[in-house]
Amino acid sequence: MPAAANPAVAKPVPALPDPGALLAWYDRHQRRLPWRAPSGLRQDPYRVFLSEIMLQQTTVVTVAPYYDAFLRRWPDVEALADAPLEEVLSAWAGLGYYARARNLHACAKAVCERHGGQFPADEEALLALPGIGPYTAAAIAAIAFERRAAPVDGNWERVVARLFAVADPLPKARAKLRVLALTLLPRARYGDFAQAMMDLGATICTPRKPACALCPWQSPCAARALGAPERYPVKAAKAARPTRQGVAFLAVRADGAVLVRSRPPKGLLGGMSEVPSTPWETGGSVHPAIHAPFSASWTALNATVTHVFSHFALELQLWRADVPADARAPAGHRWVLPGGFDAEAFPSVMRKVLAHAQPFFTGPE
DNA sequence: AATACGTGGCA
DNA sequence: TTGCCAAGTAT
């Protein structure tokens, strides 16, 4: 041991992170989640798929009730593939990132048509399915099929960035973090390891105030050695969020029905239901009336609906018109009674709008 | 590579 | 109140 024999060259070399230490921690502290199989059992690939799509950029607490509802309504991939897209969108309403729901449905169809109703086990084949990117392909491969794969999500990135004190800012550091993450993989238990990394990130190695004293990897962690684990990962500055304005037209029929239409199949809130409105633009529309679904005595309500989307904030003024029970719906529009609201694919912003149409409709929960 | 794409909770 | 954050993907 030449190095150790020379005190002048000897440095305190931190131990490399041991995958076994994390797995041992996971065996004691793993969270019980609705989509997790009983210990030692492999989870149904459809359930892994469903949960992973829902969990993209979405918290466990938010996902849980949606996951239960979907699984009860569509217990397997064939059932989901056979469902009308409108029903899937309606069930997804409120979860956000609605392209996920469209792709979820398209993916179920693809699995049935291209793979005989069986999810493929290979990352590459999974990656070819709609809505399944690098993370989800790896997650399904590891968790449902016990394949050697690294589903590098935000938790992995945070844990790895701290373990190795990666100073490069995200998202550019992503490739480097992935390489480092691969060095951590164990020789077995790939599914458990993937979920252990996520549990560690969610409960110990948290974005703020990480609980380093409880961490199975506190000893090899470079960021902790530096005394500032919460400084990692470094993130690039995000773009400012502009505000857009618009006017939403609340046409209320004498029996309480509200005039509704469906948004274009792609883009923002693609395929979802909405109250007709002007375009949403920074600066707003100079002449809202030309965008009204029909001519009527529109009254500006003393109400503004505000809503924050991922890349802009919205301020919606409300115009209301009360119309006779025999009023016709313009082309592309339909009347929906309050009792039918739950069957519609109203995103959260529209639930806020509709709360102003019906005093007895409370809107988003 | 950069941007579009939701929502709700928390400090 | 404002900004940050959560099991990302598509283009």
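Below, chains carry the letters A, B, ... as their sequence lines are ordered, and counting in each starts from 1.
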Over how many whole Å does the gap from A:Phe346 atom CZ to B:dG6 atom P extend?
17 Å
Flag the pair A:Glu157 and A:Arg174 as a salt bridge only when some basic side-chain nitrogen lies within less than 4.0 angstrom of an acidic carboxylate oxygen.
yes
Hey, which sits more toward the 5' end of DNA chain C by its nearest nucleotide, A:Leu127 or A:Thr59?
A:Thr59
In whole Å, I'd like the distance from the CD atom of A:Glu52 to the C1' atom of C:dA7.
5 Å
Any chance you could lay out the ring-ring contact (aromatic ring centres under 6.0 Å, His included) test for A:Trp74 and A:Tyr46, step after step, and finish with the verdict?
CA-CA 10 Å; A:Trp74 301 294; A:Tyr46 171 69; 9.5 Å; no
Answer with base, sugar-phosphate or nothing: what part of the nucleic acid does A:Val63 contact at a heavy-atom distance below 4.0 Å?
nothing
Any idea which of B:dT7, C:dG8, C:dA7 is nearest the A:Leu269 side chain?
B:dT7
Separation of A:Tyr66 atom OH from C:dA6 atom P, in whole Å?
20 Å
Check step by step if side chain to side chain donor-acceptor pair (under 3.5 Å) holds for A:Gln56 and A:Thr136.
CA-CA 9 Å; A:Gln56 290 168 8; A:Thr136 305; 3.0 Å; yes
If you only use heavy atoms from C-beta on, which nucleotide in B:dG8, B:dA2, C:dA7 is closest to the side chain of A:Ser348?
B:dG8
Closest non-hydrogen atom pair, A:Trp217 against A:Pro19
CZ2-CA, 4.1 Å
Base, sugar-phosphate or nothing for A:Ile140? Non-hydrogen atoms, less than 4.0 Å.
nothing
For A:Val166 and A:Ala173, the nearest pair of non-hydrogen atoms, with its separation, is CG1-CB, 4.3 Å
What is the nucleic acid contact for A:Ser51, judged by heavy atoms within less than 4.0 Å: base, sugar-phosphate only, or nothing?
nothing
C1' atom, C:dA6 versus B:dC5: distance in rounded Å?
15 Å
Taking for each residue the nucleotide of DNA chain B with the nearest heavy atom, is it A:His311 or A:Arg208 whose nucleotide lies nearer the 5' end?
A:His311
Categorize A:Thr62 for me: base, sugar-phosphate, or nothing, with a 4.0 angstrom heavy-atom threshold over every strand shown.
nothing
Side-chain atoms of A:Gln56 come closest, of B:dT7, C:dT9, C:dA7, to C:dT9
Tell me whether the guanidinium CZ or amine NZ of A:Arg244 lies under 6.0 angstrom from the six-membered ring centre of A:Phe312 and within 45° of its axis.
yes
Ion pair A:Arg73/A:Asp68, N-O distance below 4.0 Å:
no
Tell me whether the guanidinium CZ or amine NZ of A:Arg263 lies under 6.0 angstrom from the six-membered ring centre of A:Trp280 and within 45° of its axis.
yes
A:Ile143 CD1 - C:dA7 C1' separation (whole Å)
8 Å
Sugar-phosphate, base or nothing in reach of A:Pro347, heavy atoms under 4.0 Å:
sugar-phosphate
If you measure from the C1' atom in C:dA10 to the same atom in B:dA1, how many Å do you get, rounded?
14 Å
Nucleic acid contacts of residues 92-109 of chain A, taken as heavy-atom distances under 4.0 Å to DNA chain B:
A:Gly94, A:Leu95, A:Gly96, A:Tyr97, A:Tyr98
As a quick check of understanding, evaluate ring-ring contact (aromatic ring centres under 6.0 Å, His included) for A:Phe249 and A:Trp298, giving each step before the final call.
CA-CA 8 Å; A:Phe249 301 98; A:Trp298 294 98; 5.2 Å; yes
Side chain of A:Phe309 only, please: which of C:dA7, B:dG6, C:dT9 is the nearest?
B:dG6
Distance, C1' atom - from B:dG8 to C:dT1, rounded to whole angstrom
16 Å
Quick check: on DNA chain C, is the nucleotide nearest A:Gly131 upstream (toward 5') of the one nearest A:Arg158, or the reverse? Name the residue that is more 5'.
A:Arg158
Tell me yes or no: between the side chains of A:Arg241 and A:Ser310, is some donor less than 3.5 Å from an acceptor?
no
How is A:Pro171 classified with respect to the nucleic acid when contacts are heavy atoms under 4.0 Å: base, sugar-phosphate, or nothing?
nothing
What is the separation between atom CZ on A:Arg241 and atom C1' on B:dT7, rounded to the nearest whole Å?
11 Å
Between A:Lys238 (NZ) and C:dG3 (C1'), how many Å, whole number?
8 Å
Interface with DNA chain C, restricted to residues 38-46 of chain A and to heavy atoms under 4.0 Å:
none
In whole angstroms, how far is the C1' atom of C:dT9 from the CD atom of A:Glu157?
14 Å
Let me know the distance between CG of A:Leu89 and P of B:dT7, rounded to the nearest Å.
13 Å
Are A:His311 and A:Phe309 close enough that their ring centres sit under 6.0 Å apart?
no
